[in-house]
Amino acid sequence: MKLLLDTHLLLLAAGSDVCSTKLSVEAAALIDDRSNELLFSAASTWEVTIKNSLGREDFKVDPHLLRRGLLDNGYTELPISSEHTLAVGHLPNLHKDPFDRLLVAQAIVEGILLITCDPVVACYPGPIRKV
């Protein structure tokens, strides 16, 4: 199964010490299952880059190292297409974060499961699972 990890889960899976929480048992099991294809969105590296440059304590990670580490560990990068950006306009206005909204749109357009620990993101219709 293809899994798109939201930005918070990517930071946790990458072992970033900026996150005070740990992966849930369910998230760890999904990520560790070799039969799953793990994806990360260019939206997540964009989010990390912007929030890191703004000095956000919860994003104190080098986005270049994060991307390289994800690729080196077998993750597949999901580029952002105009189809993804247009799909954002069809989403209900449940969440204000544009990065999360783009991840939801990508999951819907691509038909892949977005896994998240954000309960608001999990309220969107589509292939989304709160872990």
Side-chain angles (χ1 to χ4, degrees):
M1 168 172 39
K2 289 186 176 186
L3 301 176
L4 176 61
L5 280 71
D6 76 0
T7 307
H8 185 78
L9 286 177
L10 280 175
L11 291 172
L12 289 173
S16 171
D17 59 0
V18 298
C19 296
S20 60
T21 57
K22 296 197 184 297
L23 280 173
S24 70
V25 172
E26 182 181 5
L30 286 168
I31 292 168
D32 291 341
D33 184 341
R34 297 272 185 216
S35 68
N36 290 330
E37 181 183 350
L38 304 176
L39 291 92
F40 71 96
S41 172
S44 291
T45 55
W46 182 24
E47 179 178 16
V48 170
T49 300
I50 288 173
K51 293 180 178 178
N52 176 280
S53 70
L54 294 172
R56 289 262 309 256
E57 288 299 318
D58 52 342
F59 285 87
K60 289 272 187 213
V61 60
D62 182 323
H64 297 90
L65 293 177
L66 174 64
R67 180 178 182 272
R68 175 53 33 215
L70 292 168
L71 292 171
D72 287 350
N73 283 288
Y75 285 70
T76 301
E77 184 172 2
L78 178 61
I80 299 168
S81 73
S82 58
E83 186 177 10
H84 299 147
T85 62
L86 293 170
V88 170
H90 299 288
L91 296 176
N93 196 17
L94 302 176
H95 205 293
K96 301 293 184 210
D97 187 307
F99 300 106
D100 287 332
R101 291 175 58 83
L102 185 52
L103 292 173
V104 170
Q106 286 184 300
I108 292 169
V109 168
E110 299 298 327
I112 54 181
L113 181 63
L114 172 64
I115 58 173
T116 181
C117 49
D118 185 326
V120 179
V121 171
C123 289
Y124 278 100
I128 303 164
R129 183 187 305 172
K130 182 180 178 303
V131 293

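Worth saying up front: this structure is predicted, and the values here are computed from it rather than measured.
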dist Leu102:CG -> His84:NE2 (nearest 0.5 Å) comes out at 8.0 Å
Nearest 0.5 Å, please: how far is CD in Glu37 from CG in Leu113? 13.0 Å
Asp58 CG to Lys60 NZ distance, which is reported to the nearest 0.5 Å: 10.0 Å
Each residue besides Val109 in its hydrophobic cluster should be listed here, by chain and number; the cluster joins Ile, Leu, Val, Met, Phe, Trp and Tyr at side-chain heavy-atom distances under 4.5 Å. none
List in chain and number order the residues that pass salt bridge (charged side-chain N to carboxylate O under 4.0 Å, His left out) with Arg101, two or more places apart in sequence or in another chain; answer none if no residue qualifies. none
Please say yes or no: joined through hydrophobic side-chain contacts below 4.5 Å, possibly via intermediate residues, are Leu71 and Leu10 part of one cluster? yes
Heavy-atom distance under 4.5 Å between the side chains of Leu103 and Thr116, does that happen here? no
Transitive ILVMFWY side-chain link Leu78 to Val121, under 4.5 Å: yes
Take a 6.0 Å sphere around NZ of Lys2 and say whether it holds more than 12 heavy atoms from other residues, nucleotides or ligands. no
Looking only at heavy atoms, what is the nearest atom pair of Leu4 and Ala107, with distance? CD2-N, 4.3 Å
Output all residues satisfying ring pair (Phe, Tyr, Trp, His ring centres under 6.0 Å) with Phe99, sequence neighbours left out; order by chain, then residue number. Trp46
Thr7 side, atom OG1; Leu11 side, atom CG - distance, nearest 0.5 Å: 7.0 Å
Please report the closest heavy-atom contact between Lys130 and Cys117, naming both atoms and the distance. CE-O, 3.9 Å
With heavy-atom distances below 4.5 Å as the criterion, would you say the side chains of Leu70 and Leu66 are in contact? yes
Any donor and acceptor pair, going by atom type alone, linking the side chain of Gln106 with main-chain N or O of Pro79 inside 3.5 Å? yes
Residues which pass salt bridge (charged side-chain N to carboxylate O under 4.0 Å, His left out) with Asp62, listed by chain and number, not counting sequence neighbours: none
Which atom of Ala13 lies closest to which atom of Ile31, heavy atoms considered: CB-CD1, 4.0 Å
All salt bridge (charged side-chain N to carboxylate O under 4.0 Å, His left out) counterparts of Glu77, not counting sequence neighbours: Arg67
Assess the residue pair Glu110 and Leu39 against the criterion (side-chain contact (heavy atoms from CB on, under 4.5 Å)); give the C-alpha distance rounded to whole Å, side-chain angles, the decisive distance to 0.1 Å, and a yes or no. CA-CA 11 Å; Glu110 299 298 327; Leu39 291 92; over 6 Å; no
Report the distance from atom CE of Met1 to atom CG of Leu30, rounding to the nearest 0.5 Å. 6.0 Å
State, to 0.1 Å, how close Val48 and Pro63 come at their nearest heavy-atom pair, and which atoms those are. CG1-CB, 4.0 Å
Between Ser44 and Leu5, what is the shortest heavy-atom contact and its length? OG-O, 4.2 Å
Heavy-atom pair of closest approach, residues Gly126 and Ile108: CA-CG1, 4.3 Å
Say whether Ile112 and Tyr124 are linked into one hydrophobic cluster, either directly or through other cluster members, by side-chain heavy-atom distances under 4.5 angstrom. yes
Could you go step by step and tell me if Phe40 and Leu9 meet the side-chain contact (heavy atoms from CB on, under 4.5 Å) rule? CA-CA 10 Å; Phe40 71 96; Leu9 286 177; over 6 Å; no
What distance separates His64 NE2 from Thr49 OG1, expressed to the nearest 0.5 Å? 6.5 Å
Same cluster or not: are Val61 and Leu12 linked, directly or through other Ile, Leu, Val, Met, Phe, Trp or Tyr residues, by side-chain heavy atoms under 4.5 angstrom apart? yes
Will you find, in the side chains of Asp33 and Ser35, an N or O donor that is under 3.5 Å from an N or O acceptor? yes
Under 4.5 Å between any side-chain heavy atoms of Phe59 and Leu54, yes or no? no
Just distance, no hydrogens or angles: give the donor-acceptor pairs under 3.5 Å from side chains in residues 87-94, sequence neighbours left out.
none

Main chain of Leu38, side chain of Asn36: is a donor-acceptor contact present, judged purely on distance under 3.5 Å? no
